[in-house]
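Take a look at the structure below.
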Amino acid sequence: MRKRSNIKVMASLIGLVKPLTGYMILAILMGIIGHLCASFITIFGGYALLDVLGFSVPFSSLFAFISLGVFALLRGVLRYAEQACNHFIAFKLLALIRDKIFKSLRKLCPAKLEGRDKGDLISVITSDIELLEVFYAHTISPAVIGIVFSLFMCFFMGSYHWTLGVLAFVSYVTVGLIIPVMASKLSGDMGIKFRTGSGELSGFVLDSLRGLKEIIQFSAGEKRLEEMNKKTEELSADEKQMKKITGINMAVTNTAILVFDIGMLILSAYLNSKGILGFDGVLIPVLAIMSSFGPVVALANLGSTLQNTFAAGNRVLDILQETPVVEEISGNKEVEFHGAKGENIFFSYGDETILSDVSVDIKKGSVVGISGRSGSGKSTLLKLFMRFWETDRGEVSISDRNINNVNTDNLRNMESLVSQETHLFHDSIENNLRIAKADATMEEIENACRKASVHDFIMSLPQGYKTPVGELGDTLSGGERQRLGLARAFLHNAPFMLLDEPTSNLDSLNEAVILKSLKDESRGKTVVLVSHRASTMRIADMVYSVEHGRMS
Ligand code: ATP
Ligand code: MG
């Protein structure tokens, strides 16, 4: 994770508000007027009191009383409108950010997400984004409101005597800025630590759920539970620490407010005793300062929670600003498939060289086999043909065009990949197949399933194609999952089929049906076949063998 300064996180998060600037300005205006109304309820009460006591005041007590009613009413309405506006902005923005996150994830797929903790990702998408609500609804406009309102109040009190204005300024800065900054210093990296920890915990839980069978098989439950408890306790300890700081922060803030209220009383009373100020100059400024800490206290209370929010923002920005391994391509002329080639390909994941100087020529209409020991880079080679990764050196081309210049959509339409692990969604068999072709007719789906030798099996299920498959295809056998994966490829009906161990889990009867389908298909299609099985390789027109990253 990249570590950004709070200012940087704040600037980037504020940058996202741009489309809603109008609403933000409205919220700020309503907030300022609303807070002024609130404070001036007390202050006008003071004027009314002065009037009753026979002091000269700028207006009559009747006017003051009517104004009190108007202020009270306005205060309620404006407070509601300001909050509604802020929350509208916040939730609209959260939706926008979620949208951006999904776009980024799509771009990062699959290369950058291989090996990433999925539970942690879920925690960014759900709870971290949710936390930004605090920033958008309770931070930006309250900060501006706090500054403008407090400055206004400083001038108001300063109009009695400049020293009162200065004292007010010092109190606002202390309560609204110095105390929260110190509180956030006190919590240090606690926010980041807590967010990362909670991401890790959800990752751990998800991983444990996925590996439930292994955990039971090897009686590792106790140990997993112990580890989960340890992580939870660490998180609780962090949270306790953060709450403690919040508590201290609140206590210090409230004490400071009392001290400044008394300070104002002492200063104005002193000026009064010197004959510089009248009684009204004591009463009004004291009432004004007592009733005007609201907006700065709202900021002060944010102090320690903001750490948490910035940590969440940091993690969200990590995904938004991550550069993808391969960029999506569009805008080039579409190509039709007539053969693919890999020429002198070099490829490594990080420092680990996987392929060096590999060349393959895949002619249209042929079945090309790729063999090699486990870990030699066969699946990697297929990923390069899918452009999931880019080659370090050498060139992959489709229809004699460098794959880096083929539109991504065009490429996906030309290719279907059946990977070693077929992923099934928690949905019906039919919908699982439909992701290969959303508007497929039932007849097309059944045909594809016949080719993949899985139609009879599906029909034998009580709900046929409507049968749910359970999460990750839990309720199906390995061979059934694999055949559904193949059925998807047949349904997608792309001219270039890349099949990674398509028969590894099948008995020879099913294998024979599928090989026959492939052979029939290959009249109009080009097939790359990775397999360890000699029986499967038999249908290949030519076989390349990868050993230690080299062709042999
Ligand atoms: P198998 O026959 O077992 O499927 P394979 O030939 O398909 O093996 P690949 O999946 O291409 O092998 O992997 C080649 C090597 O690259 C392996 O050593 C693997 O550990 C490594 N590898 C694969 N994916 C990644 C990745 N995303 N990051 C780092 N290393 C990887
Ligand atoms: Mg493989």
Side-chain angles (χ1 to χ4, degrees), residues 1 104-121 203 207 210 318-319 322-327 340 342-360 362 367-396 403 415-423 478-479 481-486 488-489 496-506 511 514 518 527-540 542-552:
M1 185 168 69
S104 300
L105 287 178
R106 270 185 54 192
K107 275 200 250 157
L108 297 177
C109 256
K112 274 273 164 87
L113 299 190
E114 269 176 22
R116 214 191 132 132
D117 185 344
K118 304 295 186 294
D120 186 53
L121 260 185
D207 208 23
R210 281 185 179 152
D318 259 348
I319 295 185
E322 180 75 275
T323 46
V325 172
V326 284
E327 290 287 347
E343 288 166 292
N344 313 103
I345 299 172
F346 287 81
F347 180 76
S348 54
Y349 292 111
D351 295 335
E352 192 192 353
T353 304
I354 307 295
L355 300 173
S356 60
D357 206 9
V358 167
S359 300
V360 278
I362 302 158
V367 178
V368 173
I370 294 176
S371 68
R373 61 175 180 84
S374 176
S376 57
K378 303 178 298 295
S379 302
T380 305
L381 187 62
L382 296 193
K383 286 185 205 165
L384 293 177
F385 273 105
M386 293 296 292
R387 206 172 156 268
F388 287 169
W389 295 83
E390 274 176 14
T391 55
D392 299 336
R393 266 196 288 155
E395 183 179 289
V396 177
I403 198 166
E415 299 179 321
S416 30
L417 170 74
V418 176
S419 58
Q420 260 167 301
E421 290 291 326
T422 299
H423 180 90
R481 278 204 290 271
Q482 194 161 37
R483 280 179 284 157
L484 284 176
L486 274 162
R488 273 182 184 154
F496 188 26
M497 294 175 90
L498 300 146
L499 311 177
D500 200 348
E501 304 275 7
T503 54
S504 58
N505 291 323
L506 303 184
E511 184 191 15
I514 286 166
L518 282 176
V527 180
V528 176
L529 199 53
V530 172
S531 182
H532 290 292
R533 288 171 84 151
S535 49
T536 299
M537 277 310 193
R538 223 168 281 144
I539 67 160
M542 78 172 297
V543 175
Y544 287 94
S545 150
V546 192
E547 279 313 326
H548 302 295
R550 292 175 185 279
M551 283 289 164
S552 56

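Atoms within each ligand, like the ligands themselves, are counted from 1 in listed order.
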side-chain contact (heavy atoms from CB on, under 4.5 Å), that's the test. Do Leu381 and Ile345 meet it? Break it down for me. CA-CA 9 Å; Leu381 187 62; Ile345 299 172; 4.1 Å; yes
With heavy atoms of [X] as the reference, note each atom of ligand 1 found under 4.0 Å away.
| X | value |
| --- | --- |
| Glu114 | 26 (C), 27 (N) |
| His532 | 2 (O) |
| Gln420 | 1 (P), 4 (O) |
| Glu352 | 18 (O), 30 (N) |

Can you pull out the closest protein heavy atom to [atom]? Residue, atom name and distance to 0.1 Å, please.
| atom | answer |
| --- | --- |
| atom 8 (O) of ligand 1 | Gly375 N, 2.8 Å |
| atom 10 (O) of ligand 1 | Ser379 CB, 3.5 Å |
| atom 3 (O) of ligand 1 | Ser374 OG, 2.6 Å |
| atom 22 (N) of ligand 1 | Tyr349 CE1, 3.2 Å |

Do Asp392 and Thr353 pass the side-chain contact (heavy atoms from CB on, under 4.5 Å) test, and can you show the C-alpha distance, the side-chain angles, and the key distance before you say yes or no? CA-CA 10 Å; Asp392 299 336; Thr353 304; over 6 Å; no
Can you find an N/O atom of [X] closer than 3.5 Å to an N/O atom of ligand 1?
| X | result |
| --- | --- |
| Asp500 | no |
| Gly372 | no |
| Ile354 | no |

Is it true that a side-chain atom of [X] and a backbone atom of [Y] form a donor plus acceptor pair closer than 3.5 Å?
| X | Y | value |
| --- | --- | --- |
| Arg533 | Thr503 | yes |
| Lys378 | Gly372 | yes |
| Gln482 | Glu501 | yes |

By ring-ring contact (aromatic ring centres under 6.0 Å, His included) - contacts of Phe496 (at least two apart): Phe337
Under the ring-ring contact (aromatic ring centres under 6.0 Å, His included) rule, collect the residues that match up with Tyr349, sequence neighbours excluded. Phe347, Trp389
Could you tell me whether the side chain of Glu415 reaches within less than 4.5 Å of the side chain of Arg387, counting heavy atoms only? no
Checking Ile362, Ile539, Val528 against Val367 for side chain to side chain contact (heavy atoms under 4.5 Å, CB included), the one that qualifies is Ile539
Atom 15 (C) of ligand 1 protein-contacted, heavy-atom criterion under 4.0 angstrom: yes
Using a 4.0 Å heavy-atom cut-off, say whether Thr380 meets ligand 1 through its side chain, its backbone, both or neither. both
Counting heavy atoms only, which part of Lys378 comes closer than 4.0 Å to ligand 1: side chain, backbone, both or neither? both
What residues form a side chain to side chain donor-acceptor pair (under 3.5 Å) with Glu421, not counting sequence neighbours? none
Run the numbers on Leu518 and Leu499 for side-chain contact (heavy atoms from CB on, under 4.5 Å), then give the verdict. CA-CA 10 Å; Leu518 282 176; Leu499 311 177; 3.6 Å; yes
Protein-side N, O or S atoms sitting under 2.8 Å from the Mg ion (ligand 2) are Ser379 OG, Gln420 OE1
Does the side-chain contact (heavy atoms from CB on, under 4.5 Å) test come out yes or no for Phe346 and Leu355, once each step is laid out? CA-CA 5 Å; Phe346 287 81; Leu355 300 173; over 6 Å; no
When you look at NZ of Lys107, are more than 12 heavy atoms from neighbouring residues, nucleotides or ligands closer to it than 6.0 Å? no
